[in-house]
Every structure is written in C-alpha cells, then in structure tokens.
There are 4 protein chains.
Amino acid sequence: MESRNRTFENLPGDKRERVLAEATREFAEHGYHQASVNRMVQRLGIAKGSLFKYFGSKQGIFEYLFSQTVAEFKKPLKAIRDDESGDLFERIERTLLAGAEFVTAHPLVYGIYLKMVYQQGFPMRDTFLGEIRTASDKYLRTLVANAAATGQLRPDIDQGMAALHLDAVMDRFLQSCAVPALNPGGGDIPDRETTRTRARAVADFLRRGLGAHSANSEEHRCR
Amino acid sequence: MESRNRTFENLPGDKRERVLAEATREFAEHGYHQASVNRMVQRLGIAKGSLFKYFGSKQGIFEYLFSQTVAEFKKPLKAIRDDESGDLFERIERTLLAGAEFVTAHPLVYGIYLKMVYQQGFPMRDTFLGEIRTASDKYLRTLVANAAATGQLRPDIDQGMAALHLDAVMDRFLQSCAVPALNPGGGDIPDRETTRTRARAVADFLRRGLGAHSANSEEHRCR
Amino acid sequence: MESRNRTFENLPGDKRERVLAEATREFAEHGYHQASVNRMVQRLGIAKGSLFKYFGSKQGIFEYLFSQTVAEFKKPLKAIRDDESGDLFERIERTLLAGAEFVTAHPLVYGIYLKMVYQQGFPMRDTFLGEIRTASDKYLRTLVANAAATGQLRPDIDQGMAALHLDAVMDRFLQSCAVPALNPGGGDIPDRETTRTRARAVADFLRRGLGAHSANSEEHRCR
Amino acid sequence: MESRNRTFENLPGDKRERVLAEATREFAEHGYHQASVNRMVQRLGIAKGSLFKYFGSKQGIFEYLFSQTVAEFKKPLKAIRDDESGDLFERIERTLLAGAEFVTAHPLVYGIYLKMVYQQGFPMRDTFLGEIRTASDKYLRTLVANAAATGQLRPDIDQGMAALHLDAVMDRFLQSCAVPALNPGGGDIPDRETTRTRARAVADFLRRGLGAHSANSEEHRCR
DNA sequence: AATGAATGAGTCTTCATTCAT
DNA sequence: TATGAATGAAGACTCATTCAT
C-alpha cells in the first residue's frame with residue numbers, strides 16, 4: 001500500500017534532498033498543473049519510473065513535499081505560543097520574526113503556499129489550507145484571548161476582529177519578506193537587521209490600533 | 001486587420017455577455033493555463049472556431065476580458081479621487097465601499113486577479129499588474145499627500161509607509177469581501193449593511209494607526 | 001451550374017484583375033494547400049462569401065487562374081511554330097526569348113507552375129501538366145522533325161533524344177530567368193539585352209551539340 | 001538534453017527503419033506542410049507521443065531524415081572527386097551513374113528534394129539547399145578547373161558557364177531517372193543498362209558542347 | 001530497485017466551406 | 001448580389017502514467 005514512500009525514505013539522504021529540492025523548485029516556479037514531472041526527472045537525471053515509484057503520482061510528490069514543510073513551519077510558532085513572556089505585541093513581533101525567517105529560508109515553499117491560496121485545482125488544497133488556517137486562527141485567538149484577559153487589548157474591540165487584523169497585517173508582512181526572493185528583480189532581499197526593524201514597526205502599528213490605553217506608551221502621552 | 005474584435009462586437013448583446021461570462025468563469029475556476037477553450041465552447045454550445053474568430057487566441061480572450069474589467073474598476077475610484085470632501089479616512093472608507101461593491105459584483109474577475117498576482121505564466125501578467133499597481137500607488141499617494149498637507153496624518157510617519165499600510169489593509173479587506181463568493185462553502189456572503197460596518201471599522205483602525213492627534217474620536221481629544 | 005464564373009465575369013474589369021492578381025500572388029507564395037482563402041479576401045477587402053460565389057471553391061479559383069494563363073502562354077509559341085523562317089536553332093532562340101518574356105512578365109504564375117511540377121496534391125495537377133507537356137512535346141517534335149527533314153540535325157542522333165535535350169536546356173534557361181524575380185535577393189533581374197545574349201549562347205550550345213556538321217559554322221572549321 | 005534522438009537511436013533497427021521509411025513516404029507524397037504526423041503514426045501503428053519523443057517535432061522528423069540522406073548522397077561523389085583517372089567527361093559520366101544509382105535507390109528522398117527546391121516553407125530549406133548547392137558547385141568547379149588545366153575544355157568558354165551547363169544537364173538527367181519512380185504510371189523504370197547508355201549519351205552531348213577540339217570522337221580528330 | 005519506451009486523451013489553433021440576412 | 005458569422009474536422013504537440021525489461 002504505502003510501500004511507495006518506504007522506497008523513497010530508504011534512499012541515501014542526499015539523493016532524497018536533491019529530489020525534494022528539485023520538486024519544490026518545479027512547483028514553486030510553475031504551480032501545480034503547469035509543473036512538469038518530465039522536467040523534474042530530466043533535471044534530476046533519474047528515470048521517470050523512479051519518481052512514480054517513490055510517490056505514486058504527481059499529486060503524491062506534492063503532498064509529501066507540502067505536508068513535510070508545514071510541519072517544519074509550525075515548530076517555532078509552537079515555541080512562541082508556549083513561552084508567555086512579553087505582552088501581546090512583543091509576541092506578535094517574535095512571531096513575525098519567526099515567520100520572516102522561515103519565509104526567507106524557504107521562499108519557494110512559501111511561493112507554493114501563495115499560489116495555492118489563490119488557485120483552485122491544487123490537490124488537497126482544501127485540506128492543506130484548512131489545516132493551516134485553523135492552526136493559524138487557533139494560534140492567534142490564543143494569543144488574543146490571553147492578552148484580553150490581562151487587559152492589553154482595547155476594550156471596545158471584538159476579539160475576532162482583532163485576530164483578523166493581526167492576521168491581515170502579519171500576512172502582508174510575510175509577503176513583503178518573500179516577494180524579493182520570489183520575483184527576481186523585484187527588489188533587494190532585506191538583511192536581518194532591516195527585517196527586525198520592520199517587524200518592530202509593524203508590531204507598533206498594531207499596538208497603536210489594537211492596544212489598550214493608546215498606541216505606544218511613551219510618545220502619545222498628551223503631555 | 002482588426003477584424004477579430006469587430007466580429008465579436010457585432011454580436012448581439014446577450015450572446016456577447018454569455019460568452020464573456022463563460023470565459024470569466026473558466027479563467028476564475030482554473031487560472032490561465034488550466035482553463036480550457038474546449039470546455040468554454042462546449043458549455044456555450046458554439047463552435048470552437050467561433051471563439052477564435054472573436055479573440056484570435058486563448059490569450060486574446062483573456063486580455064479582452066481583463067482589460068475591459070480593469071477599466072470598469074477604475075471608474076468609481078476616479079470619482080473619489082476628484083471629490084475632495086471629507087478627511088483621508090472618510091475617503092478611504094468610500095474607497096473600500098467602492099472596492100467591495102465591485103468585488104461583490106464581479107467576484108470571478110477578482111478571483112482571476114488574485115490568481116494572477118500569485119501565479120507566473122499569465123499572459124501580459126507584468127503589463128496588467130504593473131498597470132494596476134501603478135494606478136493604485138498613484139491613487140493612494142495622492143490621497144496621502146493631500147491629507148498630509150492638511151495635517152491629517154501623524155507627523156512622525158513616512159508618507160510612503162502610510163500608503164503601504166493603507167494598501168495592505170485595504171487589500172485584505174477586499175479579499176475578505178470576495179472570499180465567500182469565490183470559495184463555495186467558505187462562509188456567507190455579507191450583506192450591504194455588514195460591509196458598510198466593516199469598512200467603517202477598517203477605516204477607524206487605520207485612522208487610529210496613522211491619523212494625527214491619536215486614534216479614535218473621543219480619546220484623542222487631548223483634553 | 002456554371003453561374004459561378006458568370007458572376008465573376010460580370011464584375012467590373014479592374015476588380016476582376018485585382019482578384020486574380022491577389023489569388024496568383026497567394027498561390028505563388030504558398031503553393032496550393034498552404035494558400036489561404038482567408039488571406040486573399042482579407043487583402044482584397046471583400047467578403048469571403050463573394051469569392052466562393054465567383055469560383056465555387058478554392059480549387060475553382062486555382063483552376064480558373066491557371067487555365068487562363070496557360071492559354072496566354074501558348075499564343076507566342078503558336079506564332080513561332082507557324083513562322084518557318086530561320087533554321088531550328090534560330091527558332092529555338094526565338095522560343096527562348098518568348099518564354100523569357102512571359103516568365104519575366106508573369107513570374108508568379110511561373111512560380112506556381114514550378115511548384116506544381118514537383119508537388120503532388122495540386123488540383124488537376126495531372127490534367128494541367130499533361131496538357132502542358134503534351135503541347136510542349138508536340139511543339140518541339142514539330143520543330144525537330146522539320147529540321148531533320150532539311151538536314152539541320154546531326155544524322156546520328158535520335159529525334160526523341162534531341163527533343164529531350166532541347167526541352168532540358170530550355171527549361172533550365174527559363175528557370176534561370178525566373179529565379180531572380182521569384183526569390184527576393186536571389187540575384188539581379190537581368191535586363192532585356194542580357195537575356196537576348198544568353199538566349200543566343202544557349203542556342204549556340206545546342207547547335208554545337210545537336211546541329212549537323214559541327215557546332216557553329218566559323219570557329220570549328222579545322223582549318 | 002539530447003534525449004530525443006537517443007530514444008530513437010536506442011530503438012531496434014527494424015523499427016527505426018520502418019519509422020524512417022514511413023516518414024519519408026509521407027513527406028515525399030505530400031511535401032512538408034501537407035504531410036500529416038497523424039497519418040504517419042496511424043500507418044506505423046504507434047502512438048503519436050512516441051514520434052514526438054523520437055524527434056521532438058514534425059520539423060525534427062524532417063531534418064533527421066534529410067540530413068541523414070544528404071550525407072549518404074555525398075559519399076560516392078567524394079570518391080569520384082578523388083579519383084582523377086579519365087577525362088572530364090568520363091568523370092561526369094561516372095557522376096551521372098552515381099547520381100542515377102542513388103536516385104533509383106531512394107526515389108522518395110529525391111522527390112522530397114525536388115519539392116523542396118520549388119517550394120518555400122520547408123524547414124531549414126535555405127540551410128539544406130545552400131549546403132547542397134555549395135557542395136555541388138564546389139564539386140563541379142573542381143572538375144572543370146582540373147579539366148581546363150589539362151586542356152580538355154574549349155578555350156573560348158568561361159569555366160563558370162561550363163559548370164552551369166554541366167549542372168543543368170546533369171540535373172535534368174537525374175530527374176529523368178527519378179520521374180518514373182515518382183509518378184506512378186509516368187513511364188517504366190529504366191534498367192541499369194539503359195541508364196548506362198543514357199549517361200554515356202549525355203556525357204557525349206556535353207563533350208561535344210564543351211570539350212576541346214570539336215565534339216565527338218571521329219569528327220574532331222582534325223586530320 | 002531502476003529504467004525509459006509506449007501510450008492516448010487532451011491542449012490550442014487553422015481554414016475551407018455554408019447559409020441566413 | 002454581397003456579406004460575414006458559424007461550423008467542425010483536422011492539424012501539431014504535451015504529459016502524467018504504465019509496464020516489460
């Protein structure tokens with residue numbers, strides 16, 4: 001039944017990585033349907049039959065690839081969720097940095113994710129995206145609920161609405177991190193320091209819009 | 001010469017609309033490459049040759065469709081840009097409503113736009129997106145510059161940064177309007193009143209983050 | 001039945017000529033199958049239906065065109081055949097000049113002829129070519145027989161063989177006249193004087209190979 | 001990479017030959033554009049994809065076929081060029097025989113060549129024909145120059161003109177050899193002896209027109 | 001376990017021809 | 001008589017998938 005992936009997992013580690021890297025590249029460059037198994041095997045220099053032996057089908061390749069990466073993406077977030085130090089917006093800032101790091105390290109996988117979001121016809125699209133969204137929603141709601149309980153949030157704002165705003169702005173932030181790596185010639189890839197500064201600015205913007213009191217503690221004190 | 005679109009434009013109005021609607025649907029459902037001219041003509045019940053007579057090529061169909069809609073999208077924005085009544089955030093609110101209206105009326109076209117953003121391989125992608133981005137950027141910068149000149153903006157914020165934030169949040173707002181219509185089962189389509197309320201909330205959020213004084217009307221009245 | 005060509009022949013003379021010229025050009029440029037009725041009507045600026053009204057079919061266009069021109073080609077040859085002045089090789093020379101004139105005046109039609117010779121799939125190919133070959137053969141045999149009767153031909157040569165040689169060399173001569181006009185950039189189009197000189201050279205070459213005595217009267221006299 | 005022809009060349013020899021024979025037949029019967037890949041695979045009883053795997057494209061099929069044959073055609077000519085025994089006209093005679101042999105063995109390929117000469121739109125037409133013409137021209141000029149140097153040529157004739165005449169007559173000779181095989185019902189295919197006789201006749205004709213002294217062996221012995 | 005030749009449904013596109021207006 | 005929209009068979013070509021070696 002699933003003797004397929006067994007075959008793949010018995011492969012020497014470097015070959016396994018080459019295969020995954022090539023597949024990732026192909027899907028990132030062309031999306032799912034436009035990706036070509038022919039090109040993959042040609043570039044890998046292995047037989048077409050082998051790839052099908054490993055994964056069973058084109059869809060199998062994609063699923064293996066994507067699920068693996070989703071798991072990797074979740075790790076740092078779990079750490080942040082469990083470390084309750086700092087207020088909501090500091091944790092958001094840490095989240096942004098973790099996301100930026102992942103997106104910078106795996107721009108292609110992130111590119112696949114973006115394509116998948118706005119494209120039907122990806123295999124398991126609903127499954128994958130649903131999983132991601134549920135996780136993301138749960139994650140943010142946890143943070144928000146925590147913050148609300150300790151009075152860090154403007155009292156007049158709905159928690160769901162707050163989570164939505166967080167999601168919107170964070171999402172956009174990640175995209176801005178990934179775009180330069182995805183579109184060659186789409187601007188310079190920002191260095192770590194720049195990313196850090198931007199993450200802080202975004203967190204401040206959110207604090208100002210959603211935080212209790214007013215925005216950032218020092219500046220807005222009306223004399 | 002330009003006999004292609006002549007043929008199409010000489011068609012009876014209702015047939016023309018059926019053709020465009022079907023093509024829109026196909027591209028919205030499958031993206032560009034995966035869209036099938038065969039399916040289009042089959043569903044339309046017309047001969048394959050006819051569609052090619054009208055538009056010359058698959059790409060021709062797409063371009064006709066898209067450019068036509070871009071033009072339509074720009075109209076209400078132009079009106080808002082030229083009507084200078086209200087402060088920046090009220091105009092933003094009007095913009096959001098105009099966008100929401102368009103996106104609700106043409107969810108499929110908007111879906112195509114979203115696919116195009118995150119997918120390479122669309123014909124004329126760079127041309128179309130470039131045009132849209134330039135227009136959007138110019139539009140927002142005009143609004144922001146106007147607001148800054150009359151002291152509506154926090155003085156410590158860069159105008160470019162402000163435009164970026166506006167863009168990010170508005171963009172997400174539009175997506176939230178369109179998603180239910182795009183993904184069947186992705187939630188209920190919001191009615192007009194709900195949309196109006198949300199637009200106001202988003203505008204307020206932006207006012208709080210970017211506006212002069214402080215954020216929402218009561219609090220920031222510093223005494 | 002043949003109300004078709006009636007329609008065409010009732011057309012104003014200049015329109016008729018434009019139609020024929022355009023059709024000739026199309027067939028000359030692309031051969032029969034690759035010729036496009038679409039292109040013809042587009043360039044002519046008339047309706048597709050009209051052309052089919054005139055000629056019934058693509059094949060009809062071609063046949064009308066070709067048969068008309070064949071008739072025109074035969075005229076000067078008839079004159080030469082009936083004017084018995086001069087020896088065989090002088091008449092050959094006159095024939096070459098007549099051919100050259102036609103070929104220079106109607107290079108496109110000649111181009112069609114050449115394509116037809118080496119290509120199957122032309123409508124009526126066998127009919128047309130058969131007609132032409134029969135005519136050509138009869139024409140040359142008449143000339144040769146005449147010459148043989150008056151002792152102008154080497155006695156050791158077969159009349160059929162002689163006709164073949166005449167045909168070969170004349171054919172090549174015509175091609176050399178037409179090639180520059182057919183292949184743009186294939187060399188300069190020779191002026192009348194040059195053509196005349198060449199025709200004389202070819203005739204002399206033939207006289208030398210086929211004529212009685214030896215070749216040209218003065219030179220080869222072994223003192 | 002170059003996996004296309006690898007696939008084809010790895011095929012069992014008899015299948016390879018069947019494929020090439022069928023393709024040759026198709027191109028010979030219909031010319032390039034009118035040739036149908038569909039028909040080829042149908043007659044071969046193989047899948048369409050296979051043919052494209054082998055050659056990449058219709059044009060690829062043609063190029064493979066043609067270039068292979070050109071190479072084969074050149075071989076015997078090279079031998080004649082390097083064997084300097086005999087006078088010019090004897091070598092011409094040998095050339096004619098070699099050509100006749102090839103043309104009789106591969107009438108279809110020769111048919112393709114003839115079509116190509118008079119038809120635009122063949123892929124690589126200019127490349128292929130240019131190559132052939134250059135080779136032919138070089139070949140004949142070598143022979144003619146050689147002959148002139150040893151006084152075998154009429155002194156009053158230009159060497160270029162002589163080469164042209166040789167080319168014209170030889171060309172026609174080859175055509176006369178091939179035509180019966182090409183046009184079913186176009187006459188009987190001549191046997192070897194007949195061909196030999198004809199080649200000698202043509203060579204004599206040329207000797208008479210171009211050779212030093214005078215023409216045929218008896219007469220020109222001037223005394 | 002690895003190979004790579006074979007498959008065939010599916011892609012976009014062209015074009016001669018017809019016929020209602 | 002002239003028009004030009006409609007037709008659909010046929011064209012070249014792609015590609016995920018299978019299977020004998």
Side-chain angles (χ1 to χ4, degrees), chain A residues 3-4 6-8 10-11 32-42 45-61, chain B residues 3-4 6-8 10-12 15 33-41 44-61, chain C residues 3 6-8 10-11 33-42 45-61, chain D residues 3-4 6-8 10-12 15 33-41 44-61:
Chain A
S3 79
R4 357 199 90 159
R6 293 304 296 226
T7 304
F8 180 62
N10 286 342
L11 247 44
Y32 180 76
H33 284 293
Q34 223 46 28
S36 155
V37 177
N38 278 351
R39 253 192 310 254
M40 293 185 206
V41 299
Q42 196 196 64
I46 68 174
K48 215 185 301 192
S50 299
L51 216 52
F52 279 88
K53 193 78 159 183
Y54 301 156
F55 302 106
S57 70
K58 186 183 183 180
Q59 172 167 344
I61 306 174
Chain B
S3 76
R4 348 208 93 153
R6 289 299 300 193
T7 300
F8 181 63
N10 286 344
L11 247 45
K15 179 166 187 184
H33 285 294
Q34 220 48 27
S36 158
V37 177
N38 279 356
R39 240 182 333 239
M40 291 186 207
V41 299
L44 282 168
I46 67 174
K48 217 183 296 192
S50 297
L51 214 53
F52 281 90
K53 186 83 166 179
Y54 302 156
F55 302 107
S57 67
K58 184 184 183 181
Q59 173 166 344
I61 306 175
Chain C
S3 79
R6 293 304 296 225
T7 304
F8 179 62
N10 286 341
L11 248 41
H33 284 293
Q34 222 48 26
S36 155
V37 177
N38 278 351
R39 253 191 311 253
M40 291 185 205
V41 298
Q42 196 195 63
I46 68 173
K48 215 186 299 193
S50 299
L51 215 53
F52 280 87
K53 193 77 160 185
Y54 301 155
F55 301 106
S57 69
K58 187 184 182 180
Q59 173 167 344
I61 305 174
Chain D
S3 78
R4 347 209 95 152
R6 288 299 301 192
T7 300
F8 181 64
N10 286 345
L11 247 45
K15 179 165 186 183
H33 285 294
Q34 219 50 27
S36 158
V37 177
N38 279 356
R39 239 181 334 238
M40 292 185 205
V41 298
L44 283 168
I46 67 173
K48 214 184 300 192
S50 297
L51 214 53
F52 281 91
K53 186 84 166 180
Y54 302 156
F55 303 106
S57 67
K58 185 184 182 181
Q59 173 166 344
I61 305 174

How many Å lie between [atom1] on [X] and [atom2] on [N], as a whole number?
X: A:Arg6; N: E:dA2; atom1: CZ; atom2: P; result: 15 Å
X: D:Phe8; N: E:dG4; atom1: CZ; atom2: C1'; result: 16 Å
X: D:His33; N: E:dC15; atom1: NE2; atom2: C1'; result: 15 Å
X: C:Gln42; N: F:dT3; atom1: CD; atom2: C1'; result: 16 Å
X: C:Leu51; N: F:dA2; atom1: CG; atom2: C1'; result: 12 Å
X: B:Lys53; N: F:dG8; atom1: NZ; atom2: P; result: 16 Å
X: C:Met40; N: E:dC15; atom1: CE; atom2: C1'; result: 12 Å

Provide the closest heavy-atom pair for [X] versus [Y] in the form atom of the first, atom of the second, distance.
X: C:Phe52; Y: C:Val37; value: CE1-CG1, 3.7 Å
X: A:Lys58; Y: A:Ala35; value: NZ-O, 2.9 Å
X: D:Gln34; Y: C:His33; value: OE1-CB, 3.1 Å

Side-chain N,O ([X]) to OP1/OP2 ([N]) below 4.0 Å:
X: D:Asn10; N: E:dA5; value: yes
X: C:Ser50; N: F:dT3; value: yes
X: C:Tyr54; N: F:dT1; value: no

Side chain of A:Tyr32, backbone of A:Gln59: donor and acceptor closer than 3.5 Å?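 Yes, the answer is positive, given that a donor and an acceptor are paired below the 3.5 Å cut-off.
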
So OH of C:Tyr54 and CD1 of C:Ile46: to nearest 0.5 Å the spacing works out to 5.0 Å

Indicate, with a heavy-atom threshold strictly under 4.0 Å, whether A:Ser36 touches base, sugar-phosphate, or nothing. sugar-phosphate

Base-paired stems in DNA chain E, each at least three Watson-Crick or G-U pairs under 3.5 Å: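 Ordered by first number, the stems with DNA chain E (at least 3 consecutive pairs each) read E:2-21 with F:2-21.
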
If you check the A:Leu11 side chain, which of E:dT3, E:dA6, E:dA2 turns out closest? E:dA2

By nearest nucleotide on DNA chain F, pick out whichever of D:Gln34 and B:Ile46 is the more 5' one.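 The answer here is B:Ile46.
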
On DNA chain F, nearest-nucleotide positions of C:Gly45 versus D:Arg39: which is more 5'? C:Gly45

Those residues that, when tested against C:Lys48, pass side chain to side chain donor-acceptor pair (under 3.5 Å) (two or more places apart): C:Asn38

Report each atom pair, protein N/O against N/O of nucleotides 17-21 of chain F, whose distance is under 3.5 angstrom.
unit_1 : atom_1 : unit_2  : atom_2 : d
F:dT17 : OP2    : A:Lys58 : N      : 2.8
F:dT17 : O4     : A:Lys48 : NZ     : 3.0

If you find the nucleotide of DNA chain E closest to D:Lys15 and the one closest to C:Ala35, which residue's nucleotide is nearer the 5' end?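 Nearer the 5' end of the strand: D:Lys15.
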
